Colleague: 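One structure is given below, represented as structure tokens, and several questions about it will come after.
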Amino acid sequence: MSKDELTLHDMSTLLNKFSGLYGISGSSNDKRDLIAAAAEGDDQAQLAIDVFCYRLKKYIGAYAAALGHVDGLIFTGGIGENAVLVREKSCEGWPKWALKLTRYVTRKP
């Protein structure tokens, strides 16, 4: 912190507000904004979405391995309500026996 003369508050703000999705995209940490920007061709927004979905897929896989099986996977909150793209990308590549994404359900508002 002393090299750049950042205060503890400055460092906390940097790590909690300007890293992660915002740090990758350079524009937002709101997935709705990132999805819209990626649809308009923003490569950094697309990268942020791809990284987020990859990490989410890893967490799903880790829990599936720890549990030994998955009876179902339910997305809640903003992703469950609005982020079809995030749900689909997070479930891509799963073997059919392990996880089947019901497109009718996932596309419902």
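Starting from 1, each residue takes its place in the sequence as its number. Both backbone and side-chain heavy atoms feed into the values below; hydrogens, waters and symmetry mates do not. Treat the numbers as computed from the prediction; the structure is a model and nothing was measured.
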Colleague: Mind checking whether K89 and I49 have side chains closer than 4.5 Å, heavy atoms only?
Modeller: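 Yes, side chains in contact.
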
Colleague: Is there a side-chain contact between K31 and F52 (heavy atoms, below 4.5 Å)?
Modeller: yes

Colleague: Within the 4.5 Å heavy-atom criterion, are L73 and C91 side-chain neighbours or not?
Modeller: yes

Colleague: Which heavy atom in G80 sits nearest to a heavy atom in R87, and how many Å separate them?
Modeller: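 Smallest heavy-atom distance, with atoms named: O-NH1, 3.1 Å.
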
Colleague: Heavy atoms, side chains only, cut-off 4.5 Å: are I74 and T76 in contact?
Modeller: yes

Colleague: Just checking, is any N or O donor in the side chain of Q46 or D50 under 3.5 Å from an acceptor N or O on the other one?
Modeller: yes

Colleague: Heavy atoms, side chains only, cut-off 4.5 Å: are L21 and V51 in contact?
Modeller: no

Colleague: Locate the shortest heavy-atom distance separating L34 from S28; write the atom from each residue and the value.
Modeller: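 Smallest interatomic distance, heavy atoms only, reads CD2-O, 3.7 Å.
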
Colleague: Establish whether I35 and Y54 are linked, either directly or via other cluster members, by ILVMFWY side-chain heavy-atom contacts under 4.5 Å.
Modeller: no

Colleague: A45 and A38: which non-hydrogen atoms are nearest, and at how many Å?
Modeller: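 It is CB-N, 3.8 Å.
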
Colleague: What are the two closest non-hydrogen atoms of I60 and F75, and how far apart are they?
Modeller: CD1-CZ, 4.3 Å

Colleague: Are L56 and Y63 linked, directly or through intermediate hydrophobic residues, by side-chain heavy-atom contacts shorter than 4.5 Å (ILVMFWY only)?
Modeller: no

Colleague: Heavy atoms only: give me the nearest I24-Q44 pair and the separation to one decimal.
Modeller: O-NE2, 2.8 Å

Colleague: So, T7 and D10: side-chain donor and acceptor under 3.5 Å apart, yes or no?
Modeller: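 Yes, D10 and T7 have a side-chain donor paired with an acceptor closer than 3.5 Å.
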
Colleague: How far does CG of N29 sit from CZ of F18, to the nearest 0.5 angstrom?
Modeller: 9.0 Å

Colleague: Would you give the length of the straight line joining atom CG of D33 to atom OG of S25, rounded to the nearest 0.5 angstrom?
Modeller: 9.0 Å

